[in-house]
2 protein chains.
Amino acid sequence: MTFEEAKDKFIHTWGTLATQWGINRSMAQLHALLLIAPEALATEDVMEQLQISRGNASMNLRDLMDWGLIYKQLKPGERREFFIAEKDIWKVARQVAKERRRREITPVIEVLNELKSIDADTPEAHEFQRVMVGLSGVVGFADNTLNAVIKAEENWLMGQFLKVFR
Amino acid sequence: MTFEEAKDKFIHTWGTLATQWGINRSMAQLHALLLIAPEALATEDVMEQLQISRGNASMNLRDLMDWGLIYKQLKPGERREFFIAEKDIWKVARQVAKERRRREITPVIEVLNELKSIDADTPEAHEFQRVMVGLSGVVGFADNTLNAVIKAEENWLMGQFLKVFR
DNA sequence: CATTTCTTTTAAAATATTTTGAAATTACAA
DNA sequence: TTGTAATTTCAAAATATTTTAAAAGAAATG
């Protein structure tokens, strides 16, 4: 496999994986492209390389910045903006963990706490409460795991732990 | 909040959360409904309670069975099929972890291994390879975490570990 | 078997999401 | 300022996904 083939395969694979996780293809492919780019790219570059429109590029570049996965880079003497991805992959993972926790886990924990506290006067209500308590446990585990990723400055500690389960 | 309100809120919340994770609303709501149902439900019941068509119900019930999250239950003397959800929430979590690992992580690991092994003769190719190696690490961590969930028969061990990171 | 009851399949419709392209806006330089 | 290059916005178009409804298929019953 040549480098060009590998690059295409990576961008394509990343785009496909992303859709399974509720992330749109353009955004994932943009991220993939910037991840492997040795230099910062201008909007025009990504438009051309991924064959997407200016509007699409602009919106998804912004979303990626909101996620903290890419940065704007200003080049002296250049008017247009360049974009560069965060290259420390563990930092990327921490960032994604942080955002997903904030956007998805935290709100769910709150709803579950609310639902847990109805009074269980009927059998149905009792069963319901049992399920809510169980779910709180699992969601709490997910929350802790994301926290583990977020807080692990080094990853050897996590590595040590995970050996236990192999 | 009454039990009925809580029930509706749960089904609705679960449906919303699911779409953020690339799972369709009907499937998530079906699962939510069955999770909190104290008795097995027939197709008609879920059609009525969620206001969805027979075909929709049929397809998503099958998908849920494929994920190992619900079971068919045959009642003596009854011709139609009833469905009951796996009620052990940790078992549900293990099942989801197992399936996502099989469907999403394992294939990505293979692609990354393939892409890691191109020869890095140019600076671009070298950068590319560096990223692939990094990603392998992160994906490997995800794989290990899912394995931890899958293999943890008891969850106290995981609980012990996670205290370290709090 | 034929009939009834229930389930599954599938093509079309409905809905939701993503992408485009052009206009509006912004930012900078002259 | 004014003009130009670049970015952002947003309504419309394209695409993808989900849902429906009706037909086909199975399974049980008499």
Side-chain angles (χ1 to χ4, degrees), chain A residues 11-12 14-34 39-67 70-84 103-104, chain B residues 11-34 39-67 69-84 103-104:
Chain A
I11 291 171
H12 176 265
W14 221 236
T16 305
L17 186 71
T19 55
Q20 295 182 307
W21 283 81
I23 293 156
N24 86 53
R25 209 179 65 225
S26 294
M27 181 164 151
Q29 291 190 341
L30 265 168
H31 188 222
L33 177 63
L34 287 172
E39 306 261 312
L41 300 181
T43 308
E44 288 282 355
D45 299 329
V46 302
M47 285 168 58
E48 190 185 347
Q49 292 209 45
L50 300 178
Q51 294 283 8
I52 61 175
S53 72
R54 183 174 300 284
N56 192 3
S58 171
M59 284 178 141
N60 283 302
L61 286 169
R62 179 138 68 90
D63 282 351
L64 284 168
M65 285 196 293
D66 290 345
W67 276 84
I70 66 172
Y71 312 109
K72 257 186 195 163
Q73 202 175 63
L74 300 170
K75 289 198 185 179
E78 277 275 17
R79 176 137 159 214
R80 48 206 178 129
E81 296 168 328
F82 290 78
F83 298 91
I84 192 158
R103 299 175 192 215
E104 292 154 21
Chain B
I11 290 172
H12 176 264
T13 303
W14 220 237
T16 305
L17 185 72
T19 54
Q20 295 181 308
W21 283 81
I23 291 156
N24 87 51
R25 209 179 65 224
S26 295
M27 182 164 151
Q29 292 191 340
L30 264 167
H31 188 222
L33 178 64
L34 288 172
E39 307 260 312
L41 299 180
T43 308
E44 289 281 355
D45 299 329
V46 302
M47 285 168 59
E48 191 184 347
Q49 294 209 44
L50 300 178
Q51 294 284 9
I52 60 174
S53 71
R54 184 175 301 283
N56 192 2
S58 171
M59 282 178 141
N60 287 118
L61 286 169
R62 180 138 66 88
D63 282 351
L64 283 168
M65 286 197 293
D66 290 345
W67 276 83
L69 302 179
I70 66 172
Y71 313 109
K72 258 186 195 164
Q73 201 176 63
L74 300 169
K75 291 197 184 181
E78 278 275 18
R79 177 140 158 208
R80 49 206 178 128
E81 295 169 331
F82 290 78
F83 297 91
I84 192 159
R103 299 175 192 214
E104 293 154 22

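A note on names: the letters A, B, ... follow the listed sequences, proteins ahead of strands, and every chain is numbered from 1.
Considering OG1 of T16(B) and CD of Q29(B), their distance stands at 7.5 Å, rounded to 0.5 Å. Residue Q20(A) holds its CD atom at 11.0 Å from CD1 of I23(B), rounded to the nearest 0.5 Å. Distance CG/L30(B) to CD1/I11(B): 9.5 Å, rounded to 0.5 Å. The structure places CD1 of I70(A) at 8.5 Å from CE of M27(A), a figure rounded to the nearest 0.5 Å. One finds the CG atom of L64(A) at 12.0 Å from the OH atom of Y71(A) (value rounded to the nearest 0.5 Å).
Sorted by first and then second residue, the side-chain hydrogen bond (donor to acceptor under 3.5 Å, both in side chains) pairs involving residues 45-58 of chain A (not counting sequence neighbours) are K7(A)-Q49(A), S26(A)-N56(A), E44(A)-R54(A), N56(A)-N60(A).
Mapping heavy-atom proximity under 4.0 Å, the span of DNA chain D touched by chain A runs 5' to 3' from dT4(D) to dC10(D).
Listed by chain and residue number, K72(B), L74(B), F83(B) satisfy the side chain to side chain contact (heavy atoms under 4.5 Å, CB included) test with E81(B) (two or more places apart in sequence, or in another chain). Checked against salt bridge (charged side-chain N to carboxylate O under 4.0 Å, His left out), R103(B) has the following partners two or more places apart in sequence or in another chain: E99(B).
Across residues 22-32 of chain B, not one residue has a non-hydrogen atom less than 4.0 Å from an atom of DNA chain C.
Among all heavy-atom pairs drawn from I52(B) and V46(B), the shortest one is CG1-O, 4.3 Å.
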Letter by letter from the 5' end, nucleotides 4-9 of chain C scores (B base, S sugar-phosphate only, - none; protein heavy atoms under 4.0 Å) BBSBBB
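No more than 12 heavy-atom neighbours from other residues, nucleotides or ligands sit within 6.0 angstrom of CD on E39(B).
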